[in-house]
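Heads up, the thing below is written out as structure tokens.
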Amino acid sequence: MILKRREKPSFWVRAREFIAPRKGMLRGVDYLSKRMRRLPDSPHRIALGFACGAMASFTPFFGFHFFVAAGIAWLVRGNVIASLFGTAVGNPFTFPVISTSSLYLGRWIMGRGEDGSTFDVVMDSFADAFKSIWGTMKSWFGYGPSMWDGLVQFFDDVFLPYLIGGAIPGLVAGILFYAILLPVVSAYQSRRRIKLAEIREKREADTLAAQAAFDEVAGD
């Protein structure tokens, strides 16, 4: 292929580009914003859908935020596609703050204290939970002992406090994004309608002018 790279970039180069693109994160954010504003739906449903995605980012369902966001958007009649865009609120740069604050708040609400509310603890706990799930599934077929006790402890110590603690900041983030995006999307769609109307009027005027010129030539 003519446009194919001569040298395939290494894994580490591609990983760096994913985390910190050379062209900047703002370009990706701008592209995402334009794609969302052009969705064929009302400003209310688009803003509400994005808000649902932002709320889903504060839940401990890592790996399933898309499904959680789509489910919430469907329930409240928000735009499902916009909800998928909204999950971008949870990203490698924000997850340390989201997870730490959610777990800390959840532990405080449940009277558990603030111990174990760091990002490292959250990541290690989820990694151990996935290992417990895999070990328990293998035990069903006779491979090793069940690790169900570890899952129960994880649910009580981390998952439940995270779920409870993330509900409040998630709701606040959803309301803020809805309040910000509703007028932005509404203004964008209004400008787009005006621009399309102007283009349509210009085409009609050009068509009429061309027809008049043709009639004039034909009359001669």
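Between Phe64 and Phe67, the ring-plane angle classifies as tilted under the 30° and 60° cut-offs. Using cut-offs of 30° and 60° for the angle between ring planes, the Phe95 and Phe62 rings count as perpendicular.
Connection of Leu182 to Ile175 is not established within any shared hydrophobic cluster, with ILVMFWY side chains joined at heavy-atom distances below 4.5 Å, either directly or through further cluster members. Side-chain heavy atoms closer than 4.5 Å link hydrophobic residues (I, L, V, M, F, W, Y) into clusters, and following such links, possibly through other members, connects Leu103 to Ile109. Grouping the Ile, Leu, Val, Met, Phe, Trp and Tyr side chains by contacts below 4.5 angstrom, directly or via other members, places Val80 apart from Leu48. Phe58 and Leu105 fall within a single hydrophobic cluster, where Ile, Leu, Val, Met, Phe, Trp and Tyr are joined by side-chain heavy atoms under 4.5 Å apart, directly or via other members. One hydrophobic cluster holds both Val158 and Ile168 under the rule that ILVMFWY side chains link at heavy-atom gaps under 4.5 Å.
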| message | Evaluate Ile72 against Ser83 for side-chain contact (heavy atoms from CB on, under 4.5 Å), listing each step before the verdict. | response | CA-CA 8 Å; Ile72 298 175; Ser83 72; over 6 Å; no
| request: Apply the test side-chain contact (heavy atoms from CB on, under 4.5 Å) to residues Leu160 and Met110: give CA-CA distance (whole Å), side-chain angles for both, the deciding distance (0.1 Å), then the verdict. | output: CA-CA 10 Å; Leu160 186 59; Met110 299 177 68; 3.9 Å; yes
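Between Ser57 and Gly86, the shortest heavy-atom distance links the atoms OG-O, 3.9 Å. Smallest separation of non-hydrogen atoms from Val89 and Ile98: O-CD1, 4.2 Å. Across all non-hydrogen atoms, the minimal contact from Ala56 to Val68 is CB-CG1, 3.9 Å. Across Ile180 and Val184, no two heavy atoms sit closer than the pair O-CG2, 3.1 Å. Across all their heavy atoms, Pro96 and Pro92 have their closest contact at CD-O, 3.4 Å. Of all the heavy atoms in Pro43 and Ser186, the pair that sits closest is CG-CA, 3.7 Å.
Within the 4.5 Å cutoff, the side chain of Ile46 has heavy atoms near those of the Gln189 side chain.
Atom-to-atom distance recorded for Leu171:CG and Met55:CE is 5.0 Å, nearest 0.5 angstrom. With rounding to the nearest 0.5 angstrom, the OG atom of Ser101 is 14.0 Å from the CH2 atom of Trp108.
Counting only distance, with no hydrogens or angles, the side chain of His65 and the backbone of Thr59 share a donor-acceptor pair below 3.5 Å. Side-chain atoms of Arg45 come within 3.5 Å of backbone N or O of Arg77 as a donor-acceptor pair.
Each of Ile81, Leu181, Thr87, Asn79 was evaluated against Phe50; a single residue qualifies, Leu181, per the side chain to side chain contact (heavy atoms under 4.5 Å, CB included) test.
Less than 6.0 angstrom separates the ring centroid of Phe61 from the ring centroid of Phe159.
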